[in-house]
Undergrad: 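The structure follows.
Computed from a predicted structure; not experimentally measured.
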Amino acid sequence: MGSTALGGRAPARLGLAPKDGVFGSNLKQCGGFMLKTTPKVGSSSVRVRASVASSPQKQHSPKTSGVKSGEEVRIAVLGASGYTGAEIVRLLANHPQFRIKVMTADRKAGEQFGSVFPHLITQDLPNLVAVKDADFSNVDAVFCCLPHGTTQEIIKGLPQELKIVDLSADFRLRDINEYAEWYGHSHRAPELQQEAVYGLTEVLRNEIRNARLVANPGCYPTSIQLPLVPLIKAKLIKVSNIIIDAKSGVSGAGRGAKEANLYTEIAEGIHAYGIKGHRHVPEIEQGLSEAAESKVTISFTPNLICMKRGMQSTMFVEMAPGVTANDLYQHLKSTYEGEEFVKLLNGSSVPHTRHVVGSNYCFMNVFEDRIPGRAIIISVIDNLVKGASGQAVQNLNLMMGLW
């Protein structure tokens, strides 16, 4: 599958943006990302390597109450030494208005960020500090990339005027009792849970725009809800027998040292885990149940694949009476028409993780099952970008009125 599958240019990998004054600082909005573009040189244009290379298909006017064009937004990244923190830094290298002022990493406090992630050594960044030593007086917004279970009390202690996107699971489940059941301890900021908005960008854009605190979705839930939520809302599929087989790269387990994630433990194999109760299950069921306006229970099996990054979710669904696989395809195509980062592939093209690695895209397609009345939907994302940091940047752009 190449560029012809989308009728346009294939996605480029997101790299580092050149400094202002080298290629200039022209701006382009791409589906919620704010990217630096380059002026034309001769008959061709020099292009900054970015998360997308195609032109935006849908423009959103900035809110009048939001940040003005060109105005600097001062950013803090909490937990910057993890994989999602590093992705935030990588993505913001191309952002025309977000500037990182504070970066925390308790175990790496005092170090330069380039010594932790050498591929970002050219970026002009503050040194890492411990969370307890962070100064938020010069900050407008926070990306919180801390481990699950540590975020609630930290966010509760942040200044009230800050916009916050939390990439942990600590505010994703609206029912605090369900959170306690799945995460093994009571919710430590129930008043903030009532305020938090779930950040599935393409589905809940209007709610996100007005939020102060956004709970960024998990990677599996993003890859699954993007195709299934519209189909359930349109009553095109039955909700009683949804089966999902999902596979993720090892970066989805985080950067902490774990014996089960050592190369010799995972190489040359595929490993199912969390078979009876993965923590993303209640998050997925929450979103699907809201779409159905009734309780939805799924069969979900996640698998670890020996690759750095990337995620594929294969969904087996039973269609409503009289509905065909083409009906599902056409509905998804019309739902996401104009969305920069959600793409339905043409014909029988199969989504592959290698085509979205490093990008903020979700590629998907619908296939007729050989069992009558059933369909198979395949969705792929980069678990660290659309499944985490890329979606977080989309959400903060909305919250700041930039998209």
Side-chain angles (χ1 to χ4, degrees), residues 12 14-39 46-53 55-56 58-78 80 84-103 113 120 122-126 134-145 158-159 161-167 199 201 205 208-214 216 340-341 359-360 385-386 388-403:
L14 183 91
L16 301 179
K19 299 293 184 184
D20 288 350
V22 178
F23 290 145
S25 58
N26 296 327
L27 310 182
K28 180 174 80 170
Q29 292 189 26
C30 285
F33 270 51
M34 302 292 292
L35 299 175
K36 297 176 184 176
T37 61
T38 60
V46 182
R47 189 177 291 273
V48 174
R49 296 175 67 211
S51 59
V52 292
S55 299
K58 188 175 185 178
Q59 299 287 348
H60 299 271
S61 300
K63 292 169 59 180
T64 56
S65 60
V67 176
K68 296 178 182 178
S69 178
E71 182 179 345
E72 182 177 270
V73 179
R74 301 164 299 178
I75 302 294
V77 182
L78 309 187
T84 57
E87 285 296 292
I88 291 286
V89 176
R90 186 175 74 96
L91 295 169
L92 294 193
N94 279 319
H95 201 291
Q97 292 184 236
F98 290 174
R99 296 290 177 267
I100 299 173
K101 299 295 185 181
V102 175
M103 305 175 74
F113 192 74
L120 296 168
T122 61
Q123 298 306 296
D124 183 16
L125 298 166
D135 180 5
F136 296 99
S137 62
N138 193 36
V139 169
D140 302 305
V142 174
F143 289 109
C144 193
C145 308
L158 293 177
E161 66 272 14
L162 296 181
K163 300 278 190 178
I164 302 166
V165 180
D166 179 31
L167 283 78
T201 313
R205 182 175 280 116
I208 295 165
R209 277 200 179 100
N210 299 313
R212 185 186 76 89
L213 169 60
V214 165
N216 214 59
E340 180 65 32
F341 294 119
S359 82
N360 196 55
V385 188
K386 186 58 175 171
S389 303
Q391 189 159 220
V393 173
Q394 285 185 276
N395 287 332
L396 190 59
N397 280 333
L398 283 168
M399 296 162 73
M400 303 307 296
L402 293 173
W403 175 34

Undergrad: Kindly say whether Thr84 contributes a backbone atom to a donor-acceptor pair with the side chain of Ser389 at under 3.5 angstrom?
TA: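 Yes.
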Undergrad: List for me each residue that meets side-chain contact (heavy atoms from CB on, under 4.5 Å) alongside Ala211, sequence neighbours excluded, and say none if there are none.
TA: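 If we apply the side-chain contact (heavy atoms from CB on, under 4.5 Å) test to Ala211, skipping adjacent residues, the hits are Val197, Val214.
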Undergrad: If I compare all heavy atoms of Leu162 with all of Ala141, which pair ends up nearest, and what's the gap?
TA: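 Minimum heavy-atom separation between Leu162 and Ala141: CD2-N, 4.3 Å.
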Undergrad: For residues Met399 and Arg212, report the shortest heavy-atom separation together with the two atoms involved.
TA: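 Nearest heavy atoms, Met399 then Arg212: CE-O, 3.3 Å.
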Undergrad: Of the non-hydrogen atoms in Phe136 and Ala76, which two are nearest, and what is the gap between them?
TA: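 That would be CE2-CB, 4.0 Å.
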Undergrad: For Ala80, give me all partners under side-chain contact (heavy atoms from CB on, under 4.5 Å), at least two apart in sequence or on another chain.
TA: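 Here the qualifying residues are Val77, Met103, Phe113, Leu128.
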Undergrad: For Ala388 and Asn216, work out which heavy atoms get closest and say how close.
TA: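 Nearest pair, atom of Ala388 first, then Asn216: O-ND2, 2.8 Å.
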Undergrad: Minimum heavy-atom separation for Asn138 and Arg74, please, with both atom names.
TA: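 Answer, listing the atom of Asn138 first, then Arg74: OD1-NH1, 2.6 Å.
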Undergrad: Among all residues two or more places apart in sequence or in another chain, which pass the salt bridge (charged side-chain N to carboxylate O under 4.0 Å, His left out) test with Lys163?
TA: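 Per chain and number, Lys163 pairs via salt bridge (charged side-chain N to carboxylate O under 4.0 Å, His left out) with no residue.
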Undergrad: Distance-only, no hydrogens or angles: does the Arg209 side chain make a donor-acceptor pair with backbone N or O of Gly401 under 3.5 Å?
TA: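 Flag not set: sc Arg209 to bb Gly401 has no pair under 3.5 Å.
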Undergrad: Would you say that Lys386 contacts Gln394 through its side chain, given a criterion of any heavy-atom pair below 4.5 Å between the two side chains?
TA: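 Answer yes - side chains close enough.
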Undergrad: Between Leu120 and Ala86, which heavy-atom pair has the shortest distance, and what is it?
TA: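 Here Leu120 and Ala86 meet closest at CD1-O, 3.7 Å.
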Undergrad: Identify, with sequence neighbours excluded, every residue that meets salt bridge (charged side-chain N to carboxylate O under 4.0 Å, His left out) alongside Glu71.
TA: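 By the salt bridge (charged side-chain N to carboxylate O under 4.0 Å, His left out) rule, Glu71 matches no residue at all.
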Undergrad: Check whether any side-chain N or O of Asn397 sits under 3.5 Å from a backbone N or O of Leu402 as a donor-acceptor pair, and report yes or no.
TA: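 Looks like no, no N/O pair under 3.5 Å.
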Undergrad: The criterion is side-chain contact (heavy atoms from CB on, under 4.5 Å); which residues satisfy it with Asp135, sequence neighbours excluded?
TA: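 Expected list: Ser137.
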Undergrad: Measure from the side-chain N and O atoms of Gln391 to the backbone N and O of Thr201, and report whether any donor-acceptor pair falls under 3.5 Å.
TA: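 Side chain of Gln391 to backbone of Thr201: a pair is present.
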Undergrad: To the nearest 0.5 Å, what is the distance between CG (Asp140) and CE (Met400)?
TA: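 Reported value, rounded in 0.5 Å steps: 5.5 Å.
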